[in-house]
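Because the structure is a prediction, the values reported are computed rather than measured.
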Amino acid sequence: QVQLVESGGGLVQAGGSLRLSCAASGRTLRDNAMGWFRQAPGKEREFVAAIDRSGGTFYADSVKDRFIISRDKAKNTMVLEMNSLKPDDTAVYYCGATPRTAYYATLRYLAAQSSYDTWGQGTQVTVSS
């Protein structure tokens with residue numbers, strides 16, 4: 001029922017920062033747990049970060065202490081702040097949403113692609129060395 005649109009991707013040098021947004025229409029983000037996934041050329045889509053309905057956050061080991069996920073409930077938008085970017089962060093980034101979760105979710109649930117009902121079209125992030 002919710003529709004998602006990612007934005008904010010672009011080209012940045014290693015060590016730089018980028019801010020991705022995921023705008024939602026339909027159901028509000030309060031009704032959904034949200035996640036970011038990414039897919040690099042030749043690789044499978046992988047989990048990056050997620051936020052549950054309570055505001056609890058979860059991160060892949062590869063982005064811990066560098067990325068921050070949050071919600072702007074007033075704008076019905078999810079944000080991923082990316083810092084200290086590395087060339088290995090180059091990928092298409094996708095946001096996903098699912099209402100099928102408890103108020104307090106788990107990493108196991110939110111790190112699984114199969115948990116999400118709706119996906120955005122993706123936004124390209126390219127990090128140069």
Short side-chain to backbone donor-acceptor contact, [X] and [Y], under 3.5 Å:
{"X": "N32", "Y": "A97", "answer": "no"}
{"X": "Q113", "Y": "R45", "answer": "yes"}
{"X": "E6", "Y": "Q121", "answer": "yes"}
{"X": "S115", "Y": "Y109", "answer": "yes"}
{"X": "R71", "Y": "N76", "answer": "no"}
{"X": "R38", "Y": "V92", "answer": "no"}
{"X": "T126", "Y": "L11", "answer": "no"}

To the nearest 0.5 Å, what is the distance between [atom1] on [X] and [atom2] on [Y]?
{"X": "N83", "Y": "F67", "atom1": "CG", "atom2": "CZ", "answer": "8.0 Å"}
{"X": "W36", "Y": "T123", "atom1": "CH2", "atom2": "OG1", "answer": "7.5 Å"}
{"X": "F58", "Y": "L107", "atom1": "CZ", "atom2": "CG", "answer": "6.5 Å"}

Assess the side chains of D72 and T77: does a donor N or O sit below 3.5 Å from an acceptor N or O?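 Result is no, nothing qualifies.
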Any luck finding a side-chain donor-acceptor pair between Q3 and S25 under 3.5 Å?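 On atom types as modelled, these side chains qualify, holding a pair under 3.5 Å.
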Ignoring hydrogens, what is the shortest heavy-atom contact between S129 and A14? Give both atom names and the distance.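 Shortest heavy-atom separation between S129 and A14 comes out as CA-CB, 4.4 Å.
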S17 to S84 - nearest heavy-atom pair and separation: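 Here S17 and S84 meet closest at OG-N, 4.4 Å.
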When you look at E81 and L20, which way does the side-chain contact (heavy atoms from CB on, under 4.5 Å) test go after all the steps? CA-CA 6 Å; E81 301 277 0; L20 304 184; over 6 Å; no
Are any of the side-chain heavy atoms of [X] and [Y] separated by less than 4.5 Å?
{"X": "V79", "Y": "R19", "answer": "yes"}
{"X": "M78", "Y": "C95", "answer": "yes"}
{"X": "S128", "Y": "V12", "answer": "no"}
{"X": "T101", "Y": "D52", "answer": "no"}
{"X": "Q124", "Y": "Y93", "answer": "no"}
{"X": "Y59", "Y": "V48", "answer": "no"}
{"X": "L18", "Y": "L85", "answer": "yes"}
{"X": "Y94", "Y": "C22", "answer": "no"}

Report yes if the distance between the aromatic ring centroids of F37 and Y116 is under 6.0 Å, otherwise no.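 Yes, close enough.
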Single hit among I51, I69, V63, I68 for side-chain contact (heavy atoms from CB on, under 4.5 Å) with L80: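 Going through the options one by one, the only one that passes is I69.
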Is it true that the NZ or CZ of R53 lies under 6.0 Å from the centre of Y104's six-membered ring and within 45 degrees of the ring axis?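 R53 over Y104 ring: no.
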Is the closest basic N to carboxylate O distance between K86 and D89 below 4.0 Å?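 Looking at K86 and D89, the cut-off is not met.
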